[in-house]
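Working notes for the structure below.
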2 protein chains.
Amino acid sequence: MGRGRMARRNTNRRVGIADVAEKAGVSHATVSRVMNGNAAVDPGIAARVRAAALELKYQPNPVGRSLALGKTDTIGIVVPDLANPTFQAILRGLSIAAAQDGYRVLIADSSEVTSEEAILAGEARRRCDGVVLCAPRMGDAELEELAPTLHPLVLINRTTIATNTPSLSVDYGQGIQELAHHLVSLGHRRLAFLSGPEHSASNRQRLVGLDQFRAEHPEIELQMLHGGSNFDSGHESTEAIIASGATGILAFNDLVAMGLLSGLHERGVRVPEDISVTGFDDIPFAKYTTPPLTTAAVPINELGSLAWRRMREQIQQAGEATTQAQDEFSPRVEIRKSTAAPALSPV
Amino acid sequence: MGRGRMARRNTNRRVGIADVAEKAGVSHATVSRVMNGNAAVDPGIAARVRAAALELKYQPNPVGRSLALGKTDTIGIVVPDLANPTFQAILRGLSIAAAQDGYRVLIADSSEVTSEEAILAGEARRRCDGVVLCAPRMGDAELEELAPTLHPLVLINRTTIATNTPSLSVDYGQGIQELAHHLVSLGHRRLAFLSGPEHSASNRQRLVGLDQFRAEHPEIELQMLHGGSNFDSGHESTEAIIASGATGILAFNDLVAMGLLSGLHERGVRVPEDISVTGFDDIPFAKYTTPPLTTAAVPINELGSLAWRRMREQIQQAGEATTQAQDEFSPRVEIRKSTAAPALSPV
DNA sequence: ACGCTCTGAGAAAACGCTTTCTCATGATTC
DNA sequence: GAATCATGAGAAAGCGTTTTCTCAGAGCGT
């Protein structure tokens, strides 16, 4: 019908609300009402509309809907490195939790490029109803300035002072101290910390925690070695670790610890007989390394779902400026087989 | 009427094109033209508009833009399980490659629930300019029917016959055969395959490959054991593997192999001295297990970026029905330390 | 019977942008 | 000096929804 008149219409176009309206012999408005169940519609008409919609396989266009409603039912997440299992787990938890409430997630990977973070976050925010900023590497000042512009915002591994932004953080300082104590209690006297990325806030927290540890245990030697956040950097540090003479190694995270484990194995250094190694995060793989890795367990799976809960709270109570929750998790030391008493005290 | 609108304007609203137009003393149209550089605009006016936009920090609303342009600059990806490193790697490669062309990615995790896949894919498609369907578990008939409705579509680990949909696949049958041959060439005579999820197409391919292997090597014993696709299922299969008496184990993938490795270690079974184990995929962790895992390397990082390239091709040449590329990768056997000659032939 | 409220459906106005259409203005040509 | 053209800016029409506004007709009380 009328194909001459509307050549363009008939060729390509997806079925829209207008098609349903025409087929059911009602107005667009009524179709919308029926689809959304908002207003009272005569049951007979409603049925007619539903039948038409079903027959035409009508599915409302989300973009049109978003424009009209001013919301996209989508949230964004910005991570420094999608290759990191910790961020992957957070992403996954977030995605699954959000999906349960009918929200989707848009991802952005800043690839550890600090200057991209603000841009990516801003872009994500414009397309989404909120943003989760995961372990941002940017400076405090910049974060403080950015936070309000992103408003429905949830921070992971960072906090803001001025703005009250809900945040989820892990007490890395506490965790690393407990790991250090664990090594000391086993009898280790020479420790080394294999540090992480320079701009990582969680690395700074670990350093602060270790300062405290030093103050409490002046008798323990604690060396600081420069490293990174992934396998390769752990692997590459093998020589430096061996050279350090330390018997207890605190790796920045599980990835680094695993790289180190493998490097030590190649060099014939036995773990934990010759050297004890600890990780951090308790990524799923940590349990399955050989030997299984002693680490500080971060509730990696809860993090994502809690991030969503905090986001949802903000989205729901849009307007009412309530004070936002600052959740802090204490890591739990998970003792496995990569740590043991040193062979003999070298002092 | 007037008052209602004003009130709302002043309170909340983000700055829109109208604000910039007013400030610069031109029409919306002109602002749009300047922002997009589409038509010729008087340089003086253009400068004025740009200054106004800058001062107001104007950023076009992507939703409005999407509605007008009929594109969202976003693609969706549907995966069966975001916890699987293989899919994580694909997601990452896709995301990074797409970002380079100014596209974003929306994720959907079907959690291995076959019936959700079509729904998620459809939803994703409506919000995005295209969809990447990653290792869908749905049946062939359903996939064939769904494919055209998703049109800019890229399939990973599946193909369609009727529709010509670009697809990226890995020759799992070939890979598993090569691994089996590798074990045989080391002297193993009793093998076992620890299979994966029932609905996984890649698992079926492996089974086909192994049938072929059996035909070629009737003298070799090859047991089939039921398993899963993750750590835990590998770990849980430990007893069954030991009981099987096989000396060469073909695990469904690296995850399963790692779970098994850890289970064997706990039981005091040495790898590769007592039992040889192979994985599949060559996830980043495979290199760092102890012992490092012999596996079939899938170009996991290229997969995502190639998926984007295929997607981009389709988006660009919208309309012109060209025949679509079917890319197939041959896995490369990566011999590490988890395989060796069996201690002694039990026959 | 008359006005009254109610119910419910269509017309039209948003939402924020792009793009076509239209029409001044000033430059160009015979 | 009039007729023709190019240039470029504003008006307005989409894009596909939701939602307000408006108003016809039904039901009700007096």
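The chains referred to below are lettered A, B, ... by the order of the sequence lines, with proteins before strands, and numbering in each begins at 1.
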Handout entry: Nearest-angstrom distance from the residue atom CZ of A:R14 to P of D:dG16
Key = 11 Å

Fill in the blank from the handout: Between CG of A:N36 and P of D:dG16 the distance, given in whole Å, is 17 Å

Problem - Side-chain touch B:L91/B:I77, heavy atoms, less than 4.5 angstrom - result: yes

Exercise for the section: With the side chain counted from C-beta on, respond yes when A:V26 and A:V49 share a heavy-atom pair under 4.5 Å apart, and no when they do not. Expected result: yes

Practice task
For residues A:T74 and B:R127, determine if any side-chain heavy atom of one lies less than 4.5 Å from a side-chain heavy atom of the other.
Solution key: yes

Exercise for the section: Determine yes or no for a side-chain-to-main-chain donor-acceptor pair under 3.5 angstrom, with B:E117 supplying the side chain and B:M138 the backbone. Expected result: yes

Practice task
Residues of residues 54-69 of chain A with any non-hydrogen atom less than 4.0 angstrom from an atom of DNA chain C: list those, numerically ordered, please.
Solution key: A:L67, A:A68

Exercise for the section: Using a 4.0 Å heavy-atom cut-off across all strands, classify A:A29 as base, sugar-phosphate, or nothing. Expected result: base

Practice task
Assign each of A:M35 and B:V26 to its nearest nucleotide of DNA chain D by heavy atoms, then name whichever residue's nucleotide is nearer the 5' end.
Solution key: B:V26

Handout entry: B:R310/B:E313 under salt bridge (charged side-chain N to carboxylate O under 4.0 Å, His left out): CA gap, chis, key distance, verdict
Key = CA-CA 5 Å; B:R310 295 291 175 242; B:E313 287 166 9; 2.9 Å; yes

Exercise for the section: Check whether any side-chain N or O of A:R137 sits under 3.5 Å from a backbone N or O of A:E112 as a donor-acceptor pair, and report yes or no. Expected result: no

Problem - B:E123 side chain reached by A:R104 side chain, heavy atoms, under 4.5 Å - result: yes

Handout entry: Below 4.0 Å: OP1/OP2 of C:dT18 and any side-chain N or O of B:N38
Key = no

Problem - Base C:dG10 paired with A:R33 side chain (donor-acceptor, <3.5 Å) - result: yes

Practice task
Return the value, rounded to whole Å, for the distance between atom CZ of B:R126 and atom C1' of D:dC15.
Solution key: 18 Å

Exercise for the section: Hey, which sits more toward the 5' end of DNA chain C by its nearest nucleotide, A:D42 or B:V31? Expected result: A:D42

Exercise for the section: For A:T30 and for B:P43, find the nucleotide of DNA chain D with the closest heavy atom, then tell me which residue's nucleotide is more 5'. Expected result: B:P43

Exercise for the section: Starting at atom CD of B:E22, determine the distance to atom P of C:dG16, rounded to an integer number of angstrom. Expected result: 15 Å

Exercise for the section: Please report, rounded to the nearest Å, how far the C1' atom of C:dA9 is from the NE2 atom of A:H28. Expected result: 12 Å

Fill in the blank from the handout: Separation of C:dT19 atom P from B:I17 atom CD1, nearest Å, is 11 Å

